Every structure is written in C-alpha cells, then in structure tokens.
Amino acid sequence: MIANLNTLPLDEKIQLVEDLWDSIAAEKAVLPITKEQKIELNSRLEAYALDNNKGREAKFVFADIRRKL
C-alpha cells in the first residue's frame, strides 16, 4: 500500500490525507479524552476566563502570517 501511495502525485496525496483526517474527525466520539487532557483543557479555560482576552480575528492573524512568508 505504501508503495502505491508513493506513486501518487502530491495533490492526490494531500487530498487523501484530508479525506483520512475528515473520516477520523467524524469518529471523534470514539476517542476518549484522557485525564491529563481534561486537566490541560480546564487549565486553559481557567486562564482564558481570568485573562478575558478575546484574541484577534483569524483574518488578521492570517494576514500577519502571509506578510511574514
């Protein structure tokens, strides 16, 4: 199977990865969150609530990234 994948053009490889990721995301309920992940998520939510920083709109973040490329 890997040998067959290596013969695909790059755009088809990327599409395959995207399709695979979408299929994994569709089954997200199957993957349980670990105790450590729950602790980290709660920690981040608490830090967000204390900071009250709403962040920046994605369009501004992406514009900054594009300027740096």
Side-chain angles (χ1 to χ4, degrees):
M1 182 175 174
I2 298 296
N4 291 340
L5 293 175
N6 288 333
T7 64
L8 292 174
L10 181 58
D11 62 330
E12 289 182 32
K13 289 178 186 178
I14 292 170
Q15 185 61 55
L16 183 62
V17 169
E18 289 176 357
D19 293 344
L20 181 59
W21 186 254
D22 289 344
S23 73
I24 291 169
E27 298 178 27
K28 64 184 173 191
V30 177
L31 297 173
I33 296 177
T34 67
K35 180 181 174 183
E36 292 79 12
Q37 289 170 324
K38 287 180 185 179
I39 291 169
E40 181 63 24
L41 288 170
N42 285 330
S43 172
R44 291 180 185 203
L45 284 171
E46 287 173 19
Y48 173 75
L50 289 172
D51 185 27
N52 203 25
N53 181 342
K54 301 298 181 200
R56 299 185 320 156
E57 290 185 46
K59 65 182 177 182
F60 298 121
V61 174
F62 292 138
D64 285 348
I65 292 169
R66 287 187 183 100
R67 274 195 298 275
K68 293 178 182 178
L69 293 178

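All values derive from a computational prediction rather than experimental measurement. In what follows, residues are counted from 1 in the order of the sequence shown.
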Yes or no on side-chain contact (heavy atoms from CB on, under 4.5 Å) for Ile24 and Leu20, after CA distance, side-chain angles and deciding distance? CA-CA 6 Å; Ile24 291 169; Leu20 181 59; 4.3 Å; yes
With a 4.5 Å heavy-atom cut-off, do Phe62 and Arg67 have their side chains touching?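 The answer is no, as the side chains (C-beta and beyond) never meet within the 4.5 Å cut-off.
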Verify the cluster assignment for Ile2 and Val17: are they in a single hydrophobic cluster under the rule of side-chain heavy atoms below 4.5 Å apart?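 Not linked; separate clusters.
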Rounded at 0.5 Å granularity, tell me how far CD1 in Ile39 sits from CD1 in Ile33.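 Going from the CD1 atom of Ile39 to the CD1 atom of Ile33 covers 12.5 Å.
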If you count heavy atoms of other groups shown closer than 6.0 angstrom to CZ of Arg44, is the number above 12?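 No.
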Filter on side-chain hydrogen bond (donor to acceptor under 3.5 Å, both in side chains), then keep only pairs touching residues 1-15, sequence neighbours left out; what's left?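 Qualifying pairs: Gln15-Asp19.
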